[in-house]
Amino acid sequence: MKQSATVLALILLLFTEIFGLNEASANTKTPSINDERMALYRKVEAVTQIPWYYLAGIDQFERSVRRARRDLPKENGLISIYYSPRQWVGPLNPNINDTNPKSIHFFGGIGLDGNGDGKADRNDDEDVLYTFAHYITTYGTDKRYIKIALWEYYQRDKSVGIIMNNARLFEKYGLDIIDKHAFPIPLRWNYSYRSTWGDRRGWGGLRIHEGTDIFAGYGTPVRSTSYGVVELKGWNKYGGWRIGIRDLNNNYHYYAHLSGFEKNLRPGQLVEAGQVIGYVGSSGYGPPGTSGKFPPHLHYGIYKDNGITEWSFDPYPSLRNWERQERQRKK
């Protein structure tokens, strides 16, 4: 009897250990790619005093640019800031794969050793991020000097503006908002749409239709499809009352023919995916206030910026995807 009790106690102990391990495993969160990036941003912030959200804003801008351009290689690691081999090692360096910080410096290269391993490696995320952050520190660490450093580097006001707005979004919402989206019309409202990008348009001169028309009744709420910054709000003779919002992927979302705007919406405002920004109407094709020349609908377009120029692309596949995802979330 005593032996049976001992065996039973051992079995109970074994079960406790097994379930305890399982519980511990269940409570252990696997670090996400954003967690790993945040750890790098924070580490470089501690060394350089550049706030992490500026580093994240730069990195995200570069990631979007690299994915939109064919002349730049796609990113391989966590950090997407790109330096060409020649930029990194110096214009006259005979060793294009040089990782020696001293010889890189001697030949005027930009590469630095960010993690203290004695190498300035262009393929090391920490070295790359530290190199860019160090460049910024040569101008200063507050917002005004960071903007100056970015302008000197990119030589483009629009790129600087996008990066600074990326930083604002990351500072307020964190990193996990990059790929969060919503369908522009609340799913409980009546609406219909099909692919109309590229169709001919004749009012004001022959041109293609740079968007998808979503037909809905007057006053139907229009929502931001992403987290972003309001870049534009006002009247256009083609689009009527319209809004432009830039997201974290360098996409400019264009909402046109509105009957009105959500109260207090203003340029420079941060918006969330799913936030109401305006209402469906039929404004446009004339001077300010013109309305009723076509059935009420939302013209929705997306434009991609690649750090040099901007172009329209078909938003229909994205709309179908966001609509499907939202229906799945509501189940």
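Values below: all heavy atoms of this structure, side chains included; hydrogens, waters and symmetry mates excluded. Starting from 1, each residue takes its place in the sequence as its number.
When each of F294, W235, Y300 is tested with H257 by the rule ring-ring contact (aromatic ring centres under 6.0 Å, His included), just one qualifies, namely F294. Just one of Y130, Y145, Y153, Y154 meets the ring-ring contact (aromatic ring centres under 6.0 Å, His included) condition when paired with Y135; it is Y153.
Contact annotation: the side chain of Y83 approaches that of V128 to within less than 4.5 Å [non-hydrogen atoms, C-beta and beyond]. Looking at heavy atoms from C-beta onward, I277 lies out of side-chain contact with R223 at the 4.5 angstrom threshold. W88 places none of its side-chain heavy atoms less than 4.5 Å from the side chain of D98. Side-chain contact between D59 and L78 is absent, with no heavy-atom pair separated by less than 4.5 Å. Put simply, the side chain of D305 does not reach to within 4.5 Å of the side chain of N251, judged on heavy atoms.
The pair K331-E326 does not count as a salt bridge, with every side-chain nitrogen at least 4.0 angstrom from each carboxylate oxygen. Ion pairing between K119 and D117 fails under the 4.0 Å rule for side-chain N and carboxylate O.
Connection of V160 to I162 is established within a shared hydrophobic cluster, with ILVMFWY side chains joined at heavy-atom distances below 4.5 Å, either directly or through further cluster members. Note on I50: it clusters hydrophobically with Y139, by side-chain heavy-atom contacts below 4.5 Å among ILVMFWY residues.
Taking the six-membered ring for Trp and thresholds of 30 and 60 degrees, Y193 and F183 have ring planes inclined between 30 and 60 degrees apart.
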Q: Start with the C-alpha distance between R122 and D127, add both sets of side-chain angles, then the distance that settles side-chain contact (heavy atoms from CB on, under 4.5 Å), and finish with yes or no.
A: CA-CA 7 Å; R122 193 172 67 91; D127 287 355; over 6 Å; no

Q: Please assess Y173 against Y227 for the test ring pair (Phe, Tyr, Trp, His ring centres under 6.0 Å), listing each intermediate value before the final yes or no.
A: CA-CA 9 Å; Y173 298 110; Y227 283 78; 4.9 Å; yes

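Between A182 and S224, the shortest heavy-atom distance links the atoms CB-O, 4.0 Å. When every heavy atom of I178 is checked against every heavy atom of Q60, the shortest pair comes out as CD1-OE1, 3.5 Å. In terms of heavy atoms, P221 sits closest to P186 at O-CD, 3.3 Å.
No donor-acceptor distance shorter than 3.5 angstrom exists from the side chain of S226 to the backbone of G228, with no hydrogens or angles considered.
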